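Okay, structure first, notes after.
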Amino acid sequence: MDGVLTIFHTASDFGQKETTTVVLPIGAIEQHGSHLPVGTDTIVAVELAQRIAERLDAYLLPPLAVTSSIEHRLGRGTVYLKPATLAAVLTDTVASLHESGYSRVLLVNFHGGNWIVKPTVRQLNRDYADMEIVLLDLATLANARLGEVIDNPAGDVHAGEMETSIMLYLDESRVGTVRPTDRKTGLSQSFLDYFDMTELTGDGYWGYPEAATKEKGEKLMELLIECAFDYLALLEEQKRIVRSNG
Ligand SMILES: [Zn+2]
């Protein structure tokens, strides 16, 4: 059978093609200014997860789209879960995959507001010693290298140069005109603990979407994938070191 296993396959397809790795994209549904779709994080997470699943010949799940986006609640189109609900959904999903005999789950996250995923993964790896649950938080993993592609890596937080470039590359028909704003906040993202995104920004975006290009988007996708596999290789290497020490 060609291609990765997905929800379009039958139980007998799953029986014929042994795979122990599952890839779960995690996005968001939240306002992305006037120029990008509310599903941007989900669209990008799915594309990244697809590429990763293909390289690993893994089972590619549909995305967790409604996630943790309370900081965008004032923007129309936003739908969100409470962080504890997202943690519970992930915990139940991993428990179910464990029962089905999967040993490795890769969570491909493309939304910074899903911070609850990190402590959840730390807990799950202790709760399921015979499994490996890996968080591929791609914007974070690539953060130190974003300057190789984009002009404004610092302060490009939401619907900015990175996300707009990637959307131009994936489907430019979905990218609208950027509304100029002089409200370029120099604040840290921790201020989202107190304010909503649309209160801190002029048009719901935080960063430099006007600097986005399709070419940057293509390079960013390659960079994010490279960072994902670098991280997985580092993890394998560290497992080998820890085992040999112990
Ligand atoms: Zn986004």
Side-chain angles (χ1 to χ4, degrees), residues 24-50 63-81 83 86 107-118 135-143 146 149-150 152-172 174-179 181 183-185 187-192 195-214 216-221 223-225 227-228:
L24 175 62
I26 306 178
I29 298 178
E30 60 189 29
Q31 72 77 25
H32 271 72
S34 298
H35 62 288
L36 291 183
V38 294
T40 293
D41 294 5
T42 302
I43 295 163
V44 178
V46 166
E47 182 68 30
L48 290 164
Q50 164 109 29
L64 288 186
V66 178
T67 62
S68 186
S69 301
I70 196 169
E71 67 276 16
H72 296 280
R73 67 192 170 144
L74 299 181
R76 304 265 315 162
T78 300
V79 195
Y80 68 93
L81 304 174
L86 176 57
L107 305 173
V108 178
N109 180 53
F110 197 69
H111 171 46
N114 289 335
W115 49 269
I116 194 73
V117 176
K118 190 172 175 57
L135 171 56
L136 295 172
D137 197 2
L138 289 185
T140 306
L141 289 178
N143 191 49
L146 289 178
V149 182
I150 64 175
N152 310 281
D156 196 67
V157 172
H158 179 71
E161 188 179 358
M162 176 169 71
E163 289 191 324
T164 308
S165 294
I166 293 175
M167 282 304 295
L168 281 171
Y169 167 61
L170 294 180
D171 186 355
E172 62 185 322
R174 299 286 182 190
V175 180
T177 309
V178 176
R179 277 198 198 162
T181 174
R183 290 173 66 188
K184 297 275 188 203
T185 176
L187 298 168
S188 88
Q189 281 183 71
S190 69
F191 277 70
L192 292 171
F195 302 98
D196 283 325
M197 182 68 83
T198 45
E199 293 174 316
L200 296 179
T201 61
D203 186 41
Y205 66 86
W206 183 337
Y208 304 87
E210 63 276 10
T213 68
K214 197 174 182 170
K216 286 177 189 170
E218 182 172 12
K219 285 189 187 140
L220 283 163
M221 286 297 290
L223 177 68
L224 292 169
I225 295 293
C227 289

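In listed order, ligands and their atoms are each counted from 1. What you see is a predicted model, and the numbers here were worked out from it, not measured in a lab. Any value given below was found using the heavy atoms of this structure, including those in side chains, with hydrogens, waters and symmetry copies removed.
- Between the side chain of Ser165 and the backbone N or O of Lys214 there is no donor-acceptor pair closer than 3.5 Å.
- Asp203 and Thr181 are not linked by any side-chain donor-acceptor pair at a separation below 3.5 angstrom, with hydrogens and angles left out of the test.
- Relative orientation of the His32 and His72 rings is parallel, given thresholds of 30° and 60° on the angle between their planes.
- One of the N, O or S atoms belonging to His32 lies under 2.8 Å away from the Zn ion (ligand 1).
- For the residue pair His35/Thr164, the side-chain donor-acceptor check at 3.5 Å is satisfied.
- Closest approach between the Zn ion (ligand 1) and any N/O/S atom of Glu163 involves OE2.
- In Asp41, the N, O or S atom that comes nearest to the Zn ion (ligand 1) is OD1.
- Residue contacts to the Zn ion (ligand 1): Glu30 brings no N, O or S atom closer than 2.8 Å.
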